[in-house]
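Note that ligands are numbered from 1 as they come in the structure, with each ligand's atoms numbered from 1 the same way. Just so it is clear, the structure is predicted and the values come from calculations on it, not from any experiment.
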Amino acid sequence: MGTEELKDKVILVTGGAGFIGSHLCEGLLELGAKVICVDSLLTGKTENFTHLKEKFGEQIKSFKFDVNTERGSIELLFRELKPDYVFHYAAMVGVKKLAEEPLDFFVDMQGIRNIFELSKEFGVKKVVFSSSSEVYGEPINPGDKAGASINIRAHDPYALTKLYGECIAYHYFKQYDLPTCSLRFFNVYGPRQESSDYGFVTGVFIRQVLVGKNPTVFDDGSQTRDFVYVKDNVEAAICALLTDRTNGKTLNIGRGTPTTILDLAQRVIAMSGKDYLKPEFMHGRGIEIKHRNPDVAQMKELLNYELQTNLDEGLKKTFDWYKENVK
Ligand code: UDP
């Protein structure tokens with residue numbers, strides 16, 4: 001199916017006021033879809049989609065409630081607005097947050113239950129579930145490509161919600177013929193990302209450098225991540241929705257090009273032109289994943305798509321946005 005399939009389709013985006021969710025809403029609106037954004041606004045923000053309301057008017061509807069805990073509200077929404085497609089992106093944000101409140105695991109699982117049960121009941125055409133590279137845990141060998149071998153080592157509550165969510169998505173496809181797919185997002189960055197104590201290193205470094213502080217590199221900075229510009233992440237997710245080849249599948253969404261955190265810090269400094277700044281090494285977070293290096297062969301094959309934005313291009317767009325918008 002081409003993107004014209006989405007014109008006038010009703011698409012529910014849970015977590016649509018979050019960083020990735022709001023970019024997804026924008027991508028769908030640009031393709032002519034009617035978007036329903038549901039968000040509890042616990043971590044999502046109305047500022048993330050007010051510009052979309054101004055630009056797209058009635059084409060986007062937004063509702064403030066929690067899909068995890070407010071079953072009656074989400075059921076009513078399915079009944080009355082009859083979404084054609086669903087992107088389930090609402091979740092407790094981040095590893096650290098769920099590590100602090102491990103039993104919130106069950107809250108996210110309840111949301112997964114609500115979305116899959118209702119999607120089945122109301123005949124949704126496909127559900128896309130946002131998973132995470134966290135499910136891989138620490139690779140057995142530093143060079144291991146996430147996805148190339150059986151190396152799932154989920155060890156924290158956040159990773160487990162994502163892993164169980166993937167299992168549920170798969171079983172709904174197998175048992176009930178509900179088309180589903182799960183996307184394991186690698187480190188997404190871009191405009192509107194809320195960098196905080198919970199991480200998101202790109203925004204952390206850009207903010208620091210903008211106010212003339214040295215970027216804080218944990219440990220020796222040799223840890224690696226695969227950084228994905230948010231617009232590419234959205235394009236990949238839309239491709240995943242549109243092809244039946246992803247039904248019942250779980251895919252890595254990454255560039256397949258790892259970057260060390262030290263390199264990232266140096267790129268951000270170079271971009272700022274503030275060559276008096278230097279990476280500031282400090283003790284890290286204790287437990288952390290050292291390397292994350294995705295195998296993206298399956299993504300390229302099933303989606304017939306490669307991520308378009310190289311790191312410097314994406315960083316520049318992000319840097320310019322922070323400069324303009326974050327005081
Ligand atoms: N990181 C860092 N300095 C910071 C924040 C993060 O060096 O101020 C590192 C962190 O140790 C990790 C990487 O950046 O290796 C990515 O961290 P983030 O929280 O963005 O994502 P995640 O660890 O969940 O991949």
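A heavy-atom separation below 4.0 Å is not found between Gln208 and ligand 1. Under a 4.0 angstrom heavy-atom cut-off, Lys290 registers as lying outside contact with ligand 1.
With a heavy-atom cut-off of 4.0 Å, Ile261 touches ligand 1 through its side chain alone.
A salt bridge links Arg267 with Asp312: at least one charged nitrogen is closer than 4.0 Å to a carboxylate oxygen. Between Glu166 and Arg184 there is a salt bridge, since a side-chain N of the basic residue sits under 4.0 Å from a carboxylate O of the acidic one. Salt-bridge formation is detected for the pair Lys316/Asp320: a Lys NZ or Arg NE/NH1/NH2 atom is positioned less than 4.0 Å from an Asp or Glu carboxylate oxygen.
Close approach of ligand 1 to Val217 is summarised as follows: ligand atoms under 4.0 Å from at least one heavy atom of the residue are 7 (O). Heavy-atom contacts of Phe200 reach the following atoms of ligand 1: 18 (P), 19 (O), 20 (O) (cutoff under 4.0 Å). Ligand 1 places these atoms under 4.0 Å from at least one heavy atom of Asn187: 21 (O), 22 (P), 25 (O). Proximity to Val204 (heavy-atom distance under 4.0 Å) selects the following atoms of ligand 1: 8 (O). Within the listing of ligand 1, atoms 24 (O) sit less than 4.0 angstrom from a heavy atom of Glu134.
Considering backbone and side-chain atoms alike, Phe218 places an N or O below 3.5 Å from some N or O of ligand 1. At under 3.5 Å, a nitrogen or oxygen of Arg225, whether backbone or side chain, sits near a nitrogen or oxygen of ligand 1. In terms of polar-atom proximity, Val201 is counted as a contact of ligand 1, with an N or O under 3.5 Å from an N or O of the ligand. Polar contact check, Ile289 against ligand 1: no nitrogen or oxygen pair lies under 3.5 Å apart.
In this structure, Lys34 places its NZ atom where only 12 or fewer heavy-atom neighbours from other residues, nucleotides or ligands lie under 6.0 Å away.
Of the N and O atoms on the side chains of Lys231 and Thr309, not one donor lies less than 3.5 Å from an acceptor on the other residue.
Contact of the Asp39 side chain with the Phe49 side chain is not registered, since no non-hydrogen atoms from C-beta on lie closer than 4.5 Å.
When the side chain to side chain contact (heavy atoms under 4.5 Å, CB included) test is applied to Thr202, the partners found at least two apart in sequence or on another chain are Tyr189, Ile206, Phe227, Leu264, Leu315.
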